[in-house]
Amino acid sequence: MNPADLSAALLTIVTGIAGRRGSTRTLTIDDVLLERPRNREHGDWASNIAMKLAKSLEVNPRELAEEIAAEAAKLDGVASVDVAGPGFINITLDAAAAGALAKTIVEQGEAYGRGDLYKGVTINLEFVSANPTGPIHIGGVRWAAVGDSLARIFQAEGGLVTREYYFNDHGAQIDRFARSLLASYLAEPTPDDGYAGMYISDIAARVIALYPGDLSKVPRDEQQEVFRSVGVELMFGDIKASLHEFGVDFDVYFHENDLHESGAVEHAIDRLRELGHIFEADGATWFRATSFGDDKDRVVIKSDGEAGYISGDLAYYLNKRERGFERNLIMLGADHHGYVKRLMAMTAAFGDEPYVNLEVLIGQLVNLVRHGEPLRMSKRAGTVVTLEDLVEAVGVDAGRYALVRSSIDSQVDIDLDVWGRRTNDNPVFYVQYAHARTHSVACNAASSGVDRSAFDASLLQHETESILLGTLAEFPRVVRQAAELREPHRVARYAEELAGAYHRWYDNCRVTPLGDESVEDVHRTRLWLNDAVGQVLRNALALLRVSAPERM
RNA sequence: GCGCCCGUAGCUCAGCGGAUAGAGCAAUUGACUACGGAUCAAUAGGCCGGGGGUUCAAAUCCCUCCGGGCGCACCA
């Protein structure tokens, strides 16, 4: 009896009662979701359905709750049902019914926790998308960790996910990058609007080494072109490599330049023109974004004939839709939140549904801190802390976990000294230790002759076992909720809760009997429970792409 | 001026309509010649920024004020 079964049974009961009382409202499984009461005296699962329905049925909530409780008490696997407070229905399961989950989890293995919320839905997840004008700095690191975990969570819910990196190689920033490389090569000072930093001279040296002829003999503008094309390629290769080190690999690297060269921009503008959302004014071509809630109209073709910035976004979105993606998500930093309105206006203008076909996830920026003092980073000034610096200081597991553990709505401070030195501050080790412990418990059990040849769930009677089973039962819903709300941090917080419940169980219940005791079914059954915990910890950590070590 | 995010234990943050608001770190005190003490138990610590409202029920939803972060280009 897992919470999903219980919810379904409850739905049947409540629908029957509501129907008899003349309700016309159709109830769904979401109306009868169960929650785990904080207080153990309130049973294993609780429902507030009676309080929610009381008003529309014009009955006293407690009276309705009693009616539901009476029927729920007859369900198989339910030990008792109580009505408490203003109308909570508290359900306590038979130990056997609750404990059966341990075996189910072991049998389902990696599949436990997966769902079908986005089964068959094509999802395009665009994140990081940093310009290849320098190494990926720590501001972009958060989206690498969060975006990749979100992709894994969508996949666990059946989504057909494409991880996409939008490579902004059309604008003036790339030119500045090329001029900076050239200046370094010619030993000239860095251009005023250029990029400084050690990496510029490194890249310049590698470009020169790769050039087949004598670069000093070609004209200056050709030199700059060489630095542009080869330099961007090298820089981008470095970015890909450090993201790969961090466990993040993209399916598609999309070049903005292709949109301009392939005619996709004109195509998108033509499409909007057909729909009547384009007009000419002041020598420029405009998108009438104000018709769709934006603050101002946006220039798609500037009066000098160049494409305006938004035209790339128009073409890119249309391209994604034409590639068949039903849902398109873009992750941006808070410094870009002003774009949301115009992107939604664009979505509506194309005849799509804002916030459904396109979603923009805004995450707060990360602050780099050293010795408690905020550290200003600037790619142009060369004071950059990179992804590689982070990995070197704290490792992939701790880095990813720390970045994904808090809500993207809250700002996080990264202090490399603290993260590197006091690793105990990072709860990832608490979770990983719990996993390592499940492994060593299983090893000890094996050498003491405890195996999984018997399973009697009714023997899982201890309070810590009941809490542990309840926590295990929640995992599928946590994954689903993380997907629905686009909040990977929920998986991390859940893993911590499960690790805690496991450690407390370990302290109270032995899997391996003491020296002079014989192996009983209770030990064999507990081994199933131990292994179930290990499996769920592995499944949860996998969603974050954090390793689940067998020893530490 | 307008818009988005945040204000919860000493610190870092969960909880975002439900019962007595939680965790880690820090503090104090305990627990292995018993499956790894990177653990566990216990104590202490809160007008959930202030004030209104909606609701049977508000940290959670609405309004307003205060404080902090970030944005409001024919730049990308």
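It should be emphasised that the depicted structure is a prediction, and the values quoted were computed from it without experimental measurement. In what follows, every chain begins at residue 1, and chains take the letters A, B, ... in the order their sequences are listed.
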> Considering residues at least two apart in sequence or located in another chain, which fulfil the side chain to side chain donor-acceptor pair (under 3.5 Å) criterion with A:N39?
Replying inline: none
Would you list the atom pairs, donor with acceptor, under 3.5 Å between side chains in residues 52-66 of chain A and any protein atom, with sequence neighbours excluded?
residue	atom	partner	partner atom	Å
A:S56	OG	A:L53	O	3.2
A:N60	OD1	A:R62	N	2.7
A:N60	OD1	A:E63	N	3.3
A:R62	NH1	A:G85	O	2.7

> In chain order, what residues pass the ring-ring contact (aromatic ring centres under 6.0 Å, His included) check against A:Y253, with sequence neighbours excluded?
Replying inline: A:Y165, A:F236, A:F250
> Is any side-chain N of the basic residue among A:R273 and A:D270 closer than 4.0 Å to the acidic one's carboxylate O?
Replying inline: yes
>> If I pick the P atom on B:rA27 and the same atom on B:rC11, what distance separates them, to the nearest angstrom?
In response: 15 Å
Pairs under 3.5 angstrom, nitrogen or oxygen only, protein versus nucleotides 72-74 of chain B, please.
residue	atom	partner	partner atom	Å
B:rC72	O3'	A:K296	NZ	3.3
B:rA73	O5'	A:K296	NZ	3.3
B:rC74	O2	A:S303	N	2.9
B:rC74	O2	A:S303	OG	2.8
B:rC74	N3	A:S303	OG	3.4
B:rC74	N4	A:D282	O	3.0

> Looking at residues at least two apart in the chain, or sitting in another chain, which of them share a ring-ring contact (aromatic ring centres under 6.0 Å, His included) with A:W505?
Replying inline: A:Y502
> Counting side-chain heavy atoms from CB outward, which of B:rU55, B:rG18, B:rG36 is closest to A:K55?
Replying inline: B:rU55
> Looking only at N and O atoms, is any donor in the side chain of A:D507 or the base of B:rA34 less than 3.5 Å from an acceptor on the other one?
Replying inline: no
>> Applying side-chain hydrogen bond (donor to acceptor under 3.5 Å, both in side chains) as the test, list every pair that has at least one member in residues 294-305 of chain A; sequence neighbours left out.
In response: A:T290-A:D297, A:D294-A:R298, A:D295-A:K341
> Quick one: the side chain of A:N39 and the base of B:rU20, do they pair up donor-acceptor inside 3.5 Å?
Replying inline: yes
> Among all residues two or more places apart in sequence or in another chain, which pass the ring-ring contact (aromatic ring centres under 6.0 Å, His included) test with A:Y316?
Replying inline: A:Y166, A:F254
> Paired stems touching RNA chain B, three or more consecutive Watson-Crick or G-U pairs with both distances under 3.5 Å?
Replying inline: B:1-7 with B:66-72, B:10-13 with B:22-25, B:27-31 with B:39-43, B:49-53 with B:61-65
> Quick one: ring-ring contact (aromatic ring centres under 6.0 Å, His included) partners of A:H277, sequence neighbours excluded?
Replying inline: A:F292
> So, is A:R176 close to the B:rA76 phosphate, meaning a side-chain N or O under 4.0 Å from OP1 or OP2?
Replying inline: no
> Which residues pass the side chain to side chain donor-acceptor pair (under 3.5 Å) test with A:R437, sequence neighbours left out?
Replying inline: A:Y433, A:H503
> How would nucleotides 12-17 of chain B be written as a contact map, 5' to 3', with B for base contact, S for sugar-phosphate-only contact and - for no contact, using protein heavy atoms under 4.0 Å?
Replying inline: -BSSS-
Give every donor-acceptor pair under 3.5 Å between a side-chain atom in residues 470-478 of chain A and any protein atom, sequence neighbours left out.
residue	atom	partner	partner atom	Å
A:T471	OG1	A:R36	NH2	3.2
A:T471	OG1	A:I467	O	2.9
A:E474	OE1	A:R36	NE	3.0
A:R477	NH1	A:L34	O	2.5
A:R477	NH2	A:L34	O	3.0

